[in-house]
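Just so it is clear, the values below take in all heavy atoms, side chains as well, and ignore hydrogens, waters and symmetry mates. Start at 1 and go down the list; that is how both ligands and their atoms are numbered.
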Amino acid sequence: MVSNLTKTRQASVHTLGCRLNQSESQLIREKLAVAGYEMTPFGERADLGIINTCTVTREAEAKCRQAIRQFIRRNPHAFTAVVGCYSQMGARAIAEISGVDLIIGNQDKLSVLDYVELGKNERPVIVRERIDQGDFSIRFVGDQPFNKRANLKIQDGCDFMCTFCIIPFARGRARSREYHNLLAEAQSLAARGVREIVLTGVNIGTYASEGLDIVSLVDRLDVVPGIARIRISSIEPTTIPTDLFERMRSADHALLPYLHIPMQSGSNRILRQMRRKYTVEDFTDFIAQAAEAVPDLCLGTDILAGFPGERGEEFTETCQTFLNNPFAYGHVFPYSEREGTIAAKRAEQVPVPERQRRCAYLRRLGAQKRHDYYERHLGRTLEVLFEDQRDGFWPGYTGNYIRVVCSSSDDLTNRRARVRLDRAGAEFVEGTILEMID
Ligand code: SF4
């Protein structure tokens, strides 16, 4: 098998779940490319398939199993490796899928290629029960040409132990990536043309390494030549230093005016049962303070619908809190029992169809909020960083996370422009380029 792999060298990596998984998949892809594999899109023929999985809900796990089966069906002779959070928590279920050659948990997933080289006959399961603590570094930072927005992993794991969440079990306790190690990757990304880096992790507000916290970290990254934008991905409500606000407001700092803060529920009773570390009042006071301090701020949130014991009145409180606060959008998830968590043992589980009904309702509110957010910005001129051309148009994001689409006969890939926002649709705003910045 090894010789077959080295001869053909077609590999595809498929990612499910969060931005942190995406950043780890990117590192795996770059390792594969350096080892001589040619990357093919998932779904096409490949000799090696790596499925980087998620365990956050039952639906996520079902999608992982579906993706694994799909890969094996299309590539019955390929080497199939399953890595990540679902491998960590559900190795036994994955091993039952005929055709899986390798299962690797979170600790070792970036070393997946070393195990692939063992060949098909070994069928190892590399899942460590305890994930290493303490700061960590990533030995490989990649050297492939790459010139778009890039995720930069700065942290992993979480100590908060919210009662619904499997992540502290799947990814272990909170630990930070060594500053000099992540700086090397940031410099390498910038040297390859990346303009925007997105700081990712599970609980990134708790970042602490080499005497730096999240504020001093963004200051250090701000001066890396070539990095024009720094975006903080999802960050826990009680971990956000207000010192970030002046940096988000300043045109001279690369930190973008964007905060994605998971609220989870708008009911104090439910927040207590989730063991979240704040009340609704703490949360709404904080976002009001943030919105006032950073006029252009985009505020997004996560909401969990149908937590055990959530009654109609508490769901209504959540809807009202979502509606009455300055959110630009919300990501809504149905509660899902995760084995081993406190909430999964609760007697008052909300029936699944009711969870889905509540989700659908919140998502409708979310679509309206997003549209209102887009409309509020019409007529303004904002900086957009463009991505690859799609369907003849150029998509990109403003600093405050408005999806903008423009038409141009020029190549705008990875370039910035000042764009007037003209028309708001459900998913994006149509804009007119007034001036190229670079
Ligand atoms: S803060 Fe809570 S919800 Fe977020 S990863 Fe940690 S335990 Fe899970």
- prompt: Do NZ/NE/NH1/NH2 and the carboxylate oxygens of Arg177 and Glu185 come within less than 4.0 Å?
  reply: yes
- Query: Is the closest basic N to carboxylate O distance between Glu61 and Arg338 below 4.0 Å?
  - Reply: yes
(message) Do the side chains of Glu337 and Arg355 get close enough for a salt bridge, i.e. N-O under 4.0 angstrom?
(response) yes
Distance filter under 4.0 Å, heavy atoms only, around ligand 1 gives Cys158, Phe160, Met161, Cys162, Phe164, Cys165, Ile167, Pro168, Val202, Glu236, Arg276
List, one per line, each side-chain donor-acceptor pair under 3.5 Å for residues 283-292, sequence neighbours excluded.
unit_1: Thr284; atom_1: OG1; unit_2: Val280; atom_2: O; d: 3.0
unit_1: Thr284; atom_1: OG1; unit_2: Glu281; atom_2: O; d: 3.4

Could you tell me whether Glu310 and Arg358 make a salt bridge, using a distance below 4.0 angstrom between a side-chain N and a carboxylate O?
-> yes
Notebook entry, point to check: Ignoring hydrogens and geometry, is there a side-chain-to-backbone donor-acceptor pair from Asn151 to Thr200 under 3.5 Å?
Noted result: no
